[in-house]
A.B. asks: 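Handing you a structure now.
Order of the sequence lines fixes the chain letters, A, B, ..., with proteins taken first and strands second; residue numbering starts at 1 for each chain.
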2 protein chains.
Amino acid sequence: MDKLKHFYNSHPRFHVAIDCIVFGFRNGELKLLIQQRNFEPFQGVWSLMGGFVREDEDLDDAARRVCNELTGLKDVYVRQVGAYGKVDRDPGARVVSVAYCVLIDIDRYNEQLNMINSSYWENINTLPEMFFDHKDMIADALKLLQRKISREPVGFNLLPPLFTLTQLQTLHEAILGERIDKRNFRKRVGEMAFIEKTDQIDKTGSRKGAYLYRFNNKEYRRNPDFKL
Amino acid sequence: MDKLKHFYNSHPRFHVAIDCIVFGFRNGELKLLIQQRNFEPFQGVWSLMGGFVREDEDLDDAARRVCNELTGLKDVYVRQVGAYGKVDRDPGARVVSVAYCVLIDIDRYNEQLNMINSSYWENINTLPEMFFDHKDMIADALKLLQRKISREPVGFNLLPPLFTLTQLQTLHEAILGERIDKRNFRKRVGEMAFIEKTDQIDKTGSRKGAYLYRFNNKEYRRNPDFKL
DNA sequence: TCAAAAGTGTTAAGTTTACACCCATGA
DNA sequence: TCATGGGTGTAAACTTAACACTTTTGA
């Protein structure tokens, strides 16, 4: 067994960090929660929300914890994007970061956290310069999201429990970066029984008002045919 | 600066390993290169080909090095699958593994390495029980490969420089796990100028002989429309 | 009364699938 | 001469894309 210990000890050890690409959707815009570093070096530089993995924590659990610490939210959609391990990607020490794509309903986010964390929501198309490889992580997370949004019901994690079809369509447009035909989009939504029309109407978006819809996950699991 | 050091030191450090899912293709079968552990604990258990990341090495470079050590090959297709970080996934120490999907032309592999590494090529459908989460890594690597094979010219990395259309089709079938219509497949190949017919004929696969084709990467970059 | 967003079907174009026979060769 | 894999085209089914007007209501 000592031989075993020696075997492991002969190899280096690195810090392992989590970086969260936290997506939100508001006013037809896809936004990211980013943070200003409040310590040297690179104080003031914008970066993703992150934290270190603990000794007794699975990677995925660490991602959920870090995400919870930064947003105050639990039961949030969290998926791994990948590992980033350039030698000098962190100025202070060798750090391997595992990036996670996080989708939240921005209405549930407590804006006061922005004071505490020196963070804010920035439109994904107008991000400032960012720390080392964080732009790469964001690009990869966005690609992941673009790939998933049309094949799995992940978009609903970015919307409130009740949403209009215009909101849903605008969300898809913001993620895919292209316009979608309204009638074709609604035709496809209509074919999916798990996107349920309620009898409630949202009047904030127009004078006429629009029906509110709901994602029914039980119904989705019964018949998971998703294509948008 | 000391404050900075202290900041990093207050967080734990882990071993970071590379695990290679090495794919090969021979006799119409998709195969994986797997290895029998030659040290305790779990001596004799089958595992992926792996190694530890060094202090002065990017993750991707480590993957290429490990892959080179195990196959003797350079300039090989290597793509990250993801990071695997369950607390107890390695019995000896906390190890975070980054899995890499590796595609090689099995003809270039020196079979004598199998003696040295206690490794062998096993059909992907008849793998033995494997070390901890290695089956998960394999499943994820295969999904990645399935996703890519129809949209990018990655399959050619698994074939010799000259190949018949039947070989190419059988490769796709093995990766996707389903039969493909011969005429439809060849129609699509015919539309892609970068899959070039040579005037050479392979007689090993049939009495009649089949034309050999070649992937032209320059031509592909000129007009990268891939859809198989 | 008018501006602004909601809602609603049809047709053409393009893509995908299904399908069967002849050919060339070596044994 | 025959068994084996190589090579070839067409038509139907399905999917996707393009397109414009009416409705409701608050200001």
A.B. asks: If you count every heavy atom of other residues, nucleotides or ligands that lies below 6.0 Å from Lys148(B) atom NZ, does the total exceed 12?
C.D. replies: yes
A.B. asks: Can Lys74(B) and Glu69(B) be said to form a salt bridge (charged side-chain N to carboxylate O under 4.0 Å, His left out), step by step?
C.D. replies: CA-CA 9 Å; Lys74(B) 292 205 167 210; Glu69(B) 285 169 7; over 6 Å; no
A.B. asks: Treating a pair as Watson-Crick (purine N1 to pyrimidine N3 plus N6-O4 or O6-N4) or G-U wobble (N1-O2 and O6-N3) with both distances under 3.5 Å, list the stems of 3 or more consecutive pairs that involve DNA chain C.
C.D. replies: C:1-27 with D:1-27
A.B. asks: Take atom CD1 of Ile180(B) and atom P of dT16(C), then tell me their distance rounded to the nearest Å.
C.D. replies: 13 Å
A.B. asks: Under 3.5 Å, is there a donor-acceptor pair linking the side chains of Tyr84(B) and Asp140(B)?
C.D. replies: yes
A.B. asks: Any cation-pi pair here, Lys197(B) with Tyr213(B), using under 6.0 Å and within 45°?
C.D. replies: no
A.B. asks: Can you measure Asp225(A) atom CG to dT15(D) atom P for me and round it to whole angstrom units?
C.D. replies: 11 Å
A.B. asks: Is Glu219(B) salt-bridged to Arg222(B), going by a charged N under 4.0 Å from an acidic O?
C.D. replies: yes
A.B. asks: Roughly, in whole Å, what's the span from CZ in Arg179(B) to C1' in dA18(C)?
C.D. replies: 15 Å
A.B. asks: Could you tell me how the ring of Tyr220(A) sits relative to the ring of Phe226(A): parallel (under 30°), tilted (30 to 60°) or perpendicular (over 60°)?
C.D. replies: perpendicular
A.B. asks: Does Asp58(A) come within less than 4.0 Å of Arg89(B), counting only side-chain N to carboxylate O?
C.D. replies: no
A.B. asks: Can you build the contact string for nucleotides 3-12 of chain C? Use B for base contact, S for sugar-phosphate-only contact, and - for no protein heavy atom under 4.0 Å.
C.D. replies: B-BBBBBB--
A.B. asks: Without decimals, in angstroms, what is the distance between Glu191(B) CD and dT8(D) C1'?
C.D. replies: 15 Å
A.B. asks: For residues 162-170 of chain B, please give each side-chain donor-acceptor pair under 3.5 Å, one per line with the distance, not counting sequence neighbours.
C.D. replies:
unit_1: Thr164(B); atom_1: OG1; unit_2: Gln167(B); atom_2: N; d: 3.1
unit_1: Thr164(B); atom_1: OG1; unit_2: Gln167(B); atom_2: OE1; d: 3.4
unit_1: Thr166(B); atom_1: OG1; unit_2: Arg186(B); atom_2: NH2; d: 3.3
unit_1: Gln167(B); atom_1: OE1; unit_2: Thr164(B); atom_2: N; d: 2.9
unit_1: Gln169(B); atom_1: NE2; unit_2: Glu173(B); atom_2: OE2; d: 3.2
unit_1: Gln169(B); atom_1: NE2; unit_2: Ile180(B); atom_2: O; d: 2.8
unit_1: Thr170(B); atom_1: OG1; unit_2: Thr166(B); atom_2: O; d: 2.6

A.B. asks: Can you check the Phe185(B) CZ to dG7(D) P distance for me, whole Å?
C.D. replies: 12 Å
